[in-house]
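The structure appears right after this line, and notes come after that.
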Amino acid sequence: MRDDLTATRFEPAEVEPRISERWLSSGLWHPQPEGDASENYSIAIPPPNVTGSLHMGHALNGSIQDALIRYHRMKSSPSARTKWILGTDHAGIATQAKVEQALAEQGTSRQAIGREAFLERVWEWREHYGGRIIEQFKRLGASCDYAEERFTLDEDYHRAVLEVFVALYRKGYIYRDRYIVNWDPGSRSAISDLEVEEREETDTLYSIVYDLQGGGTVTIATVRPETMLADTAVAVNPDDERYRELVGRSAILPLVGRRLPVIADEYVKSDFATGQLKVTPAHDPNDFEIGIRHELDQISVIGEDGRMTAETGERFAGLTVMQAREAVVQALEQEGRIVAREPYRHSVPYSHRSGERIEPLISLQWFMRMDELAVPAIAAVNDRSVRIVPENHRRVYLEWMENIRPWCISRQLWWGHRLPVYYCQTCERVHVTADTPEGCEACGGELRQEEDVLDTWFSSALWPFAALGWPADTAQLKAFYPTNVLSTARDILFLWVARMIMMGIEFTGRPPFAEVYIHSVIQAPDGRRMSKSLGTGIDPLDEIAAHGADAVRFGLLAMSSTQDVRYSPEKVRQGQALANKLFNAVRFVLGRIDELGLSGMLDGPVDPQPRTVEDRWILSRLQHVKADTAERIEQYDFSHAAFGLYDFVFAELCDWYLEFVKPRLANEGPMDSEEDRRALSATLLHLLRETLALAHPVIPFVTEELWTHLGGQGLLAAERYPIAEERLIDQTAEAQLTQAIDAITLLRGWRDSVGARPGLWIPAHINAEGYEPAMRTAIARLARLELVDDAPGPQRTAAASITIPDGVVEVLSEEGLDLDGARERVARASRKLQSEIDRVKGKLTNQGFIQKAPPAVITAEEAKLERLQSELGAL
RNA sequence: GGGCGCGUAGCUCAGUGGGAGAGCGCUCGCCUCACACGCGAGAGGUCGCAGGUUCGAAACCCGCCGCGCCCACCA
């Protein structure tokens, strides 16, 4: 036996780096851009944040995508190319925040060092830490095209972003506007609606009395008293008879003294509080809309730093919003204007980026109208040219797309794609162009570029084609665009997936992928969200170190489903056990082939040569698992694909088949000619090679390693393996083996019940003509029976008899057996049989059943009754 | 407020019209010449509750209870 197969366990830590090295140096992951996309297979990875490190979501999606990529690479025709498009995302806010934090620790800030120096620092930072997550993907075994790594801020990519911006601007989709936006005081930038997270909170709802000019009062309710300083109206519902005569009059804003018109607007709910509403257009999205309808002034009192502005006077200026709230309440109280306060539960917007509370502010920003782009993107999903799997996400997508709103695309950051917009300092003309202009076209005046950068998702939306070199008409684009599938979690369905579909159709005329697979979100084992801050995170790299990459990949695929799932360490251990089992099965078979002096067979191809029923059976079972695995992978049912492999290897291959053939391998059976041994060795080698190839997409490392031991010349990963072929099922063999397995299991159970020591060979006669002689021998051996050829005659009676399917085993000696122990077992078995018989009888005497059930079902029940009764009789 | 989904063995989950399953855990027995990260044999479930459809329901329909997620501008 080879030296490296003397260990009894598969050692991932020793094997994985070696195999990784072979894969990476093979060039296999880096296909030449040949052929066209209809024959080739490609996946664009969701580009991880350049600052990030591998978390469970990456590990799961990496396992999924790699299983798909490896599966298709192996099953495709020799001329087809398979490519997993790789890259990282510059992740504007996240990356900038990290570098700003580093600067703060050094006692400086981006403002202090300036834009240019700051960007240099970010690039340095990226050089230093940016490659980490890519290295982590390698450890997972992900067969990405590492030779073509992209970055969403690369020069080429930047060019694509500019072209898209300019084109959309010229179409009139992109425009600049003063509008109320979600202002994130944490990152000092506007953010999009999708980056806002609502949290339920309990605040105080204050009721505040405003005087009316000419006498009388109104009472408004608010959870944000500080914003009253920016009130520019009081509103009531036009149908509210109570207040009809108030409309057109004026209220006096307390503390400020401003005159506020009382207006009528449908937005106001008469049944909420008093039905009188303060209107603050500059600090509330709804009030903003009311303000537009009634041409109200927009007075801002909160600045971009989240503090009260100078206009609020020395009493409030500079206070944080929360401080201002207290101060305003106190001031109002002194005037006796607060007439009620009650706890109030409502949702409060927070920034998904910085975690800080959103301040709705009026701000000059760039927006993108989405409704025109949405039309073909809706159609693509409706007509299934983009298929969303599982289907129930279709509606979610469609509903969002049908109600799509303008997207605020500008960010007040420095790290990102700076808008290709140039303002003339002389004539105020605005130039939008992908090529940096020299001066103003109209007046030759000096130009200043827009300070803002684009939302990171704007550039990510171009990923599948920009990563392949668009707008240039590259060979990569021809070969790999559109991609086949996009695999992702559902949290970025709108943020990213929907926008990719829109941009892909707009700029390439085709959706960027044919299918979208939405995978599970993995939660902590206790059901909470996996997060570092909660301390619930599990690091996939720790898991890989402890159990091996194959185990983690198997485990993640096994636990994945169409819902969220809890992380299940047991499934990872199952994967580890599978790798180990394969390792030992190969070790065992190679050892025997070696002992038989047949090691030479490893050097060439082998065809299976079934000689016995069990040979035909295992080859038939292999057909099942091959077809099932292919079907499951193609349907994104990774869990069943993984478990199917596990069950085949453990139960069918190892527990049964290898146990069946052991005597033949040990030269003990009747099949002991040279030719028989060669045939069996060929069958075993074929079986193992097929099994390795089949399991490779799920557990690539161990299968690649063992492939070499089994004589594989090149890489298993490079093998063309037509997985999905027609099923060649041997029903006769399957029926015979099912019967034999049932018989052995029954006999072992009986042994256990009579307290037979495992080492005891019990003399017995198998009285079952339906079984082939060789099969009777095998049954006897696996049940530890010493076969006695002559049946017990009249002069010799059996000590016990055990019913097996289609026969009886007669035990000829009670030595070492406690036959009383079998009684309870028999009693239990007959109770069970009797209750089943009763149930089937009940069915068959039910007139409704007889008259309405399909005849086939009735026949089956009748046959079952007969079988049960004969089994009971035999007991 | 709207939508989606879940509730099956102690745990994590599969099963979606005709015999309740897997892994782990548990019990008993085995270092049986590949594997003790192993092998053999077992125990364990009113399939959330209540109704309905059906000859037949864990599965299909209605309601309820519990849990999760997404979307949504009512101070």
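Atoms considered below: every heavy atom in the structure, side chains included; atoms not considered: hydrogens, waters and symmetry mates. Model, not experiment: these values are computed from the prediction. Lettering of chains follows the sequences in order, A, B, ..., and the numbering in each one begins at 1.
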Between A:Glu14 and A:Arg9, is there a salt bridge with N-O shorter than 4.0 Å?
no
Paired with B:C73: which nucleotide, if any, by Watson-Crick or G-U wobble criteria at under 3.5 Å for both distances?
none
Roughly how many Å is it from CZ in A:Arg751 to P in B:C30, rounded to a whole number?
13 Å
Figure out the CG/P separation between A:Leu688 and B:A34, and round it to whole Å.
15 Å
Touch check for A:Val857, heavy atoms < 4.0 angstrom, all strands: base, sugar-phosphate only, or nothing?
base
Base, sugar-phosphate alone, or nothing: which one does A:Pro854 contact when heavy atoms must sit under 4.0 Å apart?
base
Between B:G5, B:A41, B:G18, which nucleotide gets closest to the side-chain atoms of A:Thr745?
B:A41
Do A:Lys662 and A:Glu659 sit within salt-bridge range, that is, some charged N less than 4.0 Å from a carboxylate O?
yes
Between B:A14, B:G18, B:G40, which nucleotide gets closest to the side-chain atoms of A:Lys843?
B:G18
Separation of atom CG in A:Leu653 from atom C1' in B:A34, rounded to whole Å:
11 Å
What integer distance in Å separates A:Arg528:CZ from B:C69:P?
13 Å
Partner of B:U32 under the Watson-Crick or G-U wobble criteria, both distances under 3.5 Å, comes out as none
At less than 3.5 Å, do the side-chain atoms of A:Glu399 and the base atoms of B:A72 form a donor-acceptor pair?
no
Looking at B:C35, I'd like to know if its phosphate oxygens (OP1 or OP2) sit under 4.0 Å from a side-chain N or O belonging to A:Lys662.
no
Whole-Å P distance, B:G5 and B:A9:
22 Å
Could you measure between the two P atoms, the one in B:U8 and the one in B:G45, and give it in whole Å?
15 Å
If you check the A:Arg757 side chain, which of B:G29, B:G18, B:A34 turns out closest?
B:G29
Against the side chain of A:Phe494, the closest entry in B:A14, B:C39, B:C71 is B:C71
How far apart are the C-alpha atoms of A:Glu836 and A:Arg867, what are their side-chain angles, what is the distance that settles it, and do they pass the salt bridge (charged side-chain N to carboxylate O under 4.0 Å, His left out) test?
CA-CA 11 Å; A:Glu836 277 193 65; A:Arg867 183 173 55 80; over 6 Å; no
When you measure from the side chain of A:Thr536 to the backbone of A:Arg529, do you find a donor-acceptor pair of N or O atoms at a distance under 3.5 Å?
yes
Checking N1-N3 plus N6-O4 or O6-N4 for Watson-Crick, or N1-O2 and O6-N3 for wobble, each under 3.5 Å, the partner of B:C55 is B:G18
Using a 4.5 Å cut-off on heavy atoms from C-beta on, say whether the side chain of A:Asp637 contacts that of A:Glu631.
no
Whole angstrom value for the distance that separates P of B:C69 from NE2 of A:His352:
12 Å
Over all heavy atoms of both residues, which pair between A:Val702 and A:Ala579 is shortest? Give the atoms and the distance, please.
CG2-O, 3.7 Å
Does B:A41 have a Watson-Crick or wobble partner in any strand here, with both distances under 3.5 angstrom, and which is it?
B:U27
Has the side chain of A:Ser520 got a donor or acceptor atom that lies under 3.5 Å from a matching backbone atom of A:Gln563?
yes
Can you establish whether the number of heavy atoms outside A:Gln834 located under 6.0 Å from its atom CD is more than 12?
yes
Can you figure out which of B:C35, B:C55, B:A34 approaches the side chain of A:Asn580 most closely?
B:C35
Categorize A:His393 for me: base, sugar-phosphate, or nothing, with a 4.0 angstrom heavy-atom threshold over every strand shown.
nothing
Neighbour count >12 (heavy atoms, 6.0 Å) for atom NE2, A:His352:
no
Of all the choices, B:G18, B:A41, B:C39, which nucleotide is nearest to the side chain of A:Ala853 once you look at every atom?
B:G18
Starting the side chain at C-beta, find the nucleotide from B:G18, B:G5, B:C4 nearest to A:Gln563.
B:G5
Roughly how many Å apart are B:A57 and B:G52, using the P atom of each and rounding to a whole number?
12 Å
Using atom C1' in both nucleotides, what's the gap between B:G63 and B:C26 to the nearest angstrom?
39 Å
When you compare B:G7 with B:U46, how far apart are their C1' atoms, in angstrom units rounded to a whole number?
16 Å
For the side chain of A:Ala577, counting heavy atoms from C-beta on, which of B:A34, B:C37, B:C55 is nearest?
B:C37
Heavy-atom nearest nucleotide on RNA chain B taken for A:Gly848 and for A:Met559; more 5' hit belongs to A:Met559
Between B:C67 and B:A58, how far apart are the P atoms? Round to whole Å, please.
26 Å
In whole Å, I'd like the distance from the CD1 atom of A:Ile741 to the P atom of B:G40.
11 Å
On RNA chain B, nearest-nucleotide positions of A:Arg784 versus A:Pro758: which is more 5'?
A:Pro758
According to the interplanar angle, ranging from 0 to 90°, do the rings of A:Phe272 and A:Tyr344 count as parallel (below 30°), tilted (30 to 60°) or perpendicular (above 60°)?
perpendicular
Looking for any heavy atom pair under 4.0 Å, which part of the strands does A:Arg9 touch: base, sugar-phosphate only, or nothing?
base
Quick one about A:Glu570 and A:Ser568 (side-chain donor to acceptor, distance below 3.5 Å, no hydrogens or angles considered), yes or no?
yes
Testing A:Thr227, A:Thr232, A:Ile208 one by one against A:Lys278 for a side-chain contact (heavy atoms from CB on, under 4.5 Å), which residue passes?
A:Thr227
B:C24 to B:C37 separation - P atoms, rounded to the nearest Å
12 Å
Over how many whole Å does the gap from A:Lys852 atom NZ to B:G56 atom P extend?
8 Å
If the C1' atom of B:C69 is compared with that of B:C11, how far apart are they to the nearest Å?
23 Å
Please write out each protein N/O paired with an N/O of nucleotides 73-75 of chain B under 3.5 Å, distance rounded to 0.1 Å.
residue	atom	partner	partner atom	Å
B:C73	OP1	A:Arg405	NH1	3.4
B:C73	O2'	A:Asn286	ND2	2.5
B:C73	N1	A:Asn286	OD1	3.0
B:C73	O2	A:Asn286	OD1	2.3
B:A75	OP2	A:Tyr344	OH	2.6
B:A75	O2'	A:Ala221	O	2.5
B:A75	N6	A:Lys269	O	2.7
B:A75	N6	A:Phe272	O	2.9
B:A75	N1	A:Lys269	N	3.2

Rounded to whole angstroms, how far apart are CG on A:Asp564 and C1' on B:C67?
13 Å
Using the six-membered ring of A:Tyr646, assess whether NZ or CZ of A:Lys571 lies under 6.0 Å from its centre and within 45 degrees of the ring axis.
no
Name the nucleic acid region contacted by A:Phe650, choosing base, sugar-phosphate or nothing; use a 4.0 angstrom heavy-atom cut-off, strictly under.
sugar-phosphate
Could I get a table of every N or O pair under 3.5 Å where one atom is in the protein and the other is in nucleotides 21-27 of chain B?
residue	atom	partner	partner atom	Å
B:G23	O2'	A:Gln574	OE1	3.1

Given that both distances must come in under 3.5 Å, which nucleotide forms a Watson-Crick or G-U wobble pair with B:G7?
B:C65
